[in-house]
Protein chains: 2
Amino acid sequence: MAVTLKEVAERAGVSRSAVSRTFTDGASVSDVMRRKVEKAASELGYSPNALASSLTTGRTKLIGLVSNNFHNPIFLEVFDLFTRGLQDRGLRPLLVNLSDEVEPENSVRMLRQYSVDGVVVASSTLPSGFAKAFRDAGVPVVHSFGRYSSAPEVHVVGIDNREAGRLAARTLVERGYTQVGFMGGPETATSTQDRYTGFMSEISAHPNIDVSYSFAKEYSFDAGREEMLRLLKNRPAQAYFGGDDVLSIGALSAIKDSGLRCPDDVGILGLNDMEMARWNNINLTTIHQPIPQIVSSSIELMVATLAEGDRYPEARIFSCSVVERGTLRPAPKA
Amino acid sequence: MAVTLKEVAERAGVSRSAVSRTFTDGASVSDVMRRKVEKAASELGYSPNALASSLTTGRTKLIGLVSNNFHNPIFLEVFDLFTRGLQDRGLRPLLVNLSDEVEPENSVRMLRQYSVDGVVVASSTLPSGFAKAFRDAGVPVVHSFGRYSSAPEVHVVGIDNREAGRLAARTLVERGYTQVGFMGGPETATSTQDRYTGFMSEISAHPNIDVSYSFAKEYSFDAGREEMLRLLKNRPAQAYFGGDDVLSIGALSAIKDSGLRCPDDVGILGLNDMEMARWNNINLTTIHQPIPQIVSSSIELMVATLAEGDRYPEARIFSCSVVERGTLRPAPKA
DNA sequence: ATGCGCAATGCAACCGGTTGCAACGAATCT
DNA sequence: AGATTCGTTGCAACCGGTTGCATTGCGCAT
């Protein structure tokens with residue numbers, strides 16, 4: 001069906017090498033030759049087979065984009081940014097949905113079968129073993145939204161979730177809340193663990209503050225709502241740091257349904273600053289995570305790693321900031 | 001880096017054909033041979049290069065998944081369902097983001113370079129020329145969420161948007177509204193056009209009903225909010241059919257901010273039934289579109305088309321239904 | 001014992017490209 | 001004019017597999 005190199009060569013009356021060379025830049029081809037070949041090629045509608053050429057060049061320009069976050073709306077933006085950013089650099093995202101996987105083996109094998117040039121793991125909930133499994137298989141890997149470490153074993157780009165936890169705690173304390181709660185996502189996610197650690201360490205510097213904590217089953221509206229309903233049954237704290245926006249919105253829904261008001265009765269602080277957070281029927285005060293920066297930095301790092309062969313593992317951390325909206329008491333005037 | 005067929009053959013002391021055959025099912029290999037090869041393969045950690053084999057077999061198991069809907073939350077679910085469904089059948093989605101493209105040429109060329117076995121166009125806003133361009137390039141294509149036609153030129157799976165428009169109109173009329181409005185998405189999208197046509201045709205059967213219409217700039221919260229603010233400045237209708245949930249939620253926000261109440265002052269009917277529609281701080285009455293069924297049917301159709309070679313173009317239409325929530329007057333008792 | 005069918009195996013060509021190497025011709029240098 | 005250089009081109013081998021065909025060896029019927 002498709003037109004091949006050979007047919008173009010025959011039509012142009014030149015060797016196959018000549019055709020190949022006109023389509024690989026940096027090769028030595030004369031102008032007349034180039035014109036002959038291009039004429040034949042366009043007449044036949046030829047375009048080179050990327051997969052065949054990958055056999056000899058060793059590069060496919062395929063990048064595995066693996067994630068398990070297909071229920072958190074912020075990841076639609078993440079996928080948008082990744083796909084566009086990769087495309088703009090001539091790379092092709094091969095999307096892998098790891099939603100139910102616990103072992104990295106299958107996906108590692110699959111991506112190796114397709115000879116991907118690199119892998120981007122875009123997830124805050126996958127264990128770090130996944131990224132390492134790719135590295136061990138000799139595939140360049142960037143873990144976006146992964147766990148920050150001061151001795152990274154693979155490239156990591158994201159925020160320092162411990163610092164985010166501290167920021168959350170500091171924010172609640174500043175606002176004058178004396179009974180605060182950490183309502184985290186699933187306890188197995190490193191992002192949850194780190195936010196918890198940071199939150200608690202900051203609170204422990206304020207001995208007069210009462211603190212409690214609990215974990216929702218997953219990062220979802222329903223899980224957040226359910227967990228908050230449970231918390232409201234006993235005596236709730238004055239304000240909670242919800243593990244994530246979608247969880248926090250679920251919590252808001254629970255508060256509203258219980259006849260309480262936010263922030264007057266219970267305050268909520270989210271994390272991510274996803275689009276819905278600013279919808280005025282939600283209006284969630286939240287910690288902003290700089291998604292576009294994280295994604296574009298991840299792509300740059302991937303591109304650089306592909307160019308350099310192997311590159312020393314690196315962690316890139318972006319800072320977060322509080323976005324003032326309506327679910328937390330205002331800060332006292334300075 | 002990677003282990004090749006040849007190395008396995010040498011280690012097992014057999015021919016390369018033998019190794020190849022043990023990894024392609026249906027080939028004739030004796031048990032002892034198979035065991036020898038498998039032993040050598042597992043010792044070396046061999047797995048076959050899918051791209052190399054595609055050269056001779058002509059199948060890559062790569063499916064282009066092209067879309068331009070990276071801002072509508074329902075598409076996260078769509079991507080989730082597509083990636084899982086394709087993976088489960090051994091197919092690999094190559095994601096293409098067409099957000100800013102107007103011409104199909106580039107993507108057609110790119111996907112042909114990667115020899116995709118088929119293309120799924122998942123979009124309600126791409127002109128149907130995109131799907132046709134793939135067909136014309138000889139690539140099997142399924143257009144999901146595309147425009148239904150009784151003489152389809154490519155496979156189409158989705159809802160009948162005209163019927164959805166009629167259903168919306170019928171619903172508003174049933175509820176006793178006498179001044180109704182159609183607040184559509186971008187006028188260039190076939191989904192908008194068809195919903196408009198259906199809505200108007202149904203209303204025209206009720207000469208006592210006042211009808212107005214307008215179009216938002218895009219399918220987004222902000223566009224919906226802006227358009228509704230504009231509508232509320234003049235004398236608004238009693239109820240609107242919003243072109244889509246996210247648009248409708250924007251409209252709700254405008255209504256709320258204008259000090260009006262929904263549904264008492266202005267009613268809103270959405271379309272899609274996306275997750276946020278049931279969040280109780282939104283609670284949008286909407287027309288449900290059966291996404292999982294559309295996706296899985298699209299995948300089945302793609303698989304069947306791949307198996308059959310060429311298959312007569314087919315349209316698969318799913319029905320919609322109203323989901324009762326809080327933004328429309330209740331129906332009168334029958 | 002002979003002949004036959006059949007499953008198992010290897011050889012070699014092929015898929016659609018790339019690339020090292022040698023050959024060639026023209027331009028430059030001495 | 002002869003030697004040297006350099007850019008351009010084709011040949012042929014190779015990338016990692018698959019597959020048609022011929023060969024081999026075996027079991028079985030006669």
Side-chain angles (χ1 to χ4, degrees), chain A residues 1-41 44-62 109-117 138, chain B residues 1-41 44-62 109-117 138:
Chain A
M1 183 74 225
V3 184
T4 73
L5 190 79
K6 197 175 141 205
E7 305 175 52
V8 177
E10 278 164 9
R11 179 172 194 113
V14 300
S15 74
R16 288 158 57 222
S17 330
V19 180
S20 173
R21 283 194 256 259
T22 61
F23 284 94
T24 53
D25 34 27
S28 141
V29 203
S30 70
D31 277 359
V32 282
M33 170 65 85
R34 157 157 282 126
R35 258 189 291 277
K36 260 196 294 186
V37 170
E38 276 169 354
K39 179 156 172 290
L44 295 171
Y46 170 76
S47 69
N49 181 328
L51 268 25
S53 76
S54 82
L55 260 191
T56 42
T57 60
R59 321 223 88 173
T60 53
K61 302 200 168 180
L62 251 24
R109 184 155 36 80
M110 191 238 105
L111 286 171
R112 287 196 38 187
Q113 288 184 337
Y114 280 84
S115 315
V116 293
D117 287 348
Chain B
M1 183 76 224
V3 184
T4 72
L5 190 81
K6 196 176 141 206
E7 305 175 51
V8 177
E10 277 164 9
R11 179 171 194 114
V14 299
S15 74
R16 290 159 54 224
S17 329
V19 180
S20 172
R21 282 193 257 259
T22 61
F23 284 95
T24 52
D25 33 29
S28 142
V29 202
S30 71
D31 278 357
V32 282
M33 170 64 87
R34 156 156 281 125
R35 259 189 291 275
K36 261 197 294 187
V37 171
E38 275 168 355
K39 180 156 171 290
L44 295 171
Y46 169 76
S47 68
N49 181 328
L51 269 25
S53 76
S54 82
L55 259 193
T56 42
T57 60
R59 320 223 88 174
T60 53
K61 301 199 170 183
L62 250 26
R109 185 154 34 80
M110 192 239 104
L111 286 172
R112 287 196 37 187
Q113 288 183 337
Y114 281 84
S115 316
V116 293
D117 287 348

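Numbered from 1 within each chain, the chains take letters A, B, ... in sequence-line order. Here the structure is a predicted model, which is why all the values come from computation and not from measurement.
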Query raised in the report: What's the shortest heavy-atom distance between Gln113(B) and Ser47(A), and which atoms?
Result: CG-OG, 3.9 Å
Once rounded to the nearest 0.5 Å, what's the spacing between atom [atom1] of [X] and atom [atom2] of [Y]?
X	Y	atom1	atom2	result
Thr57(A)	Asp117(A)	OG1	CG	8.0 Å
Ser28(A)	Met33(A)	OG	CE	9.5 Å
Leu55(B)	Ser54(A)	CG	OG	8.0 Å
Glu10(A)	Leu5(A)	CD	CG	10.0 Å

**Report entry** Contacts of Arg11(B) that satisfy side chain to side chain donor-acceptor pair (under 3.5 Å) - sequence neighbours left out
**Finding:** Glu43(B)
Query raised in the report: Starting at the 5' end of DNA chain C and moving along, which residue's nearest nucleotide shows up first, Thr56(B) or Ala18(B)?
Result: Ala18(B)
Query - Donor-acceptor under 3.5 Å (Thr60(B) side chain, Ser115(B) main chain) - result: yes
Query raised in the report: Lys39(A) versus Arg35(A): any side-chain heavy-atom pair under 4.5 Å?
Result: no
Query raised in the report: Which one, dG16(D), dT19(D), dG17(C), comes nearest to the side chain of Thr57(B)?
Result: dT19(D)
Can you check the [X] [atom1] to [N] [atom2] distance for me, whole Å?
X	N	atom1	atom2	answer
Leu5(B)	dC11(C)	CG	P	14 Å
Asn49(B)	dC15(C)	CG	C1'	13 Å
Leu51(A)	dG16(C)	CG	C1'	10 Å
Leu55(A)	dG16(D)	CG	P	7 Å

Would you tabulate the side-chain donor-acceptor contacts of residues 17-26 of chain B under 3.5 Å, counting partners in other chains and residues two or more places apart, or write 'none'?
from     : atom 1 : to       : atom 2 : distance (Å)
Thr22(B) : OG1    : Val19(B) : O      : 2.8
Thr24(B) : OG1    : Ser20(B) : O      : 3.4
Thr24(B) : OG1    : Arg21(B) : O      : 3.4

Query raised in the report: Counting only non-hydrogen atoms, which of residues 9-17 of chain B are less than 4.0 Å from DNA chain D?
Result: Arg16(B), Ser17(B)
**Report entry** Contact residues, residues 19-36 of chain A to DNA chain D [heavy atom, < 4.0 Å]
**Finding:** Arg21(A), Ser28(A), Val29(A), Ser30(A), Met33(A)
Query raised in the report: Hey, is the side chain of Tyr114(B) poking within less than 4.0 Å of OP1 or OP2 on dG16(C), counting only N and O atoms?
Result: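 It does not, given that no N or O in the side chain of Tyr114(B) lies less than 4.0 Å from OP1 or OP2 of dG16(C).
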**Report entry** Residues which pass side chain to side chain contact (heavy atoms under 4.5 Å, CB included) with Glu7(B), listed by chain and number, not counting sequence neighbours
**Finding:** Val3(B), Thr4(B), Leu44(B)
Requested in this report: With axes from five pairs an end, tell me the bend angle of the helix from dA1(C)-dT30(D) to dT30(C)-dA1(D), nearest 10°.
Outcome: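 Axis-to-axis angle, ends of the helix: 50°.
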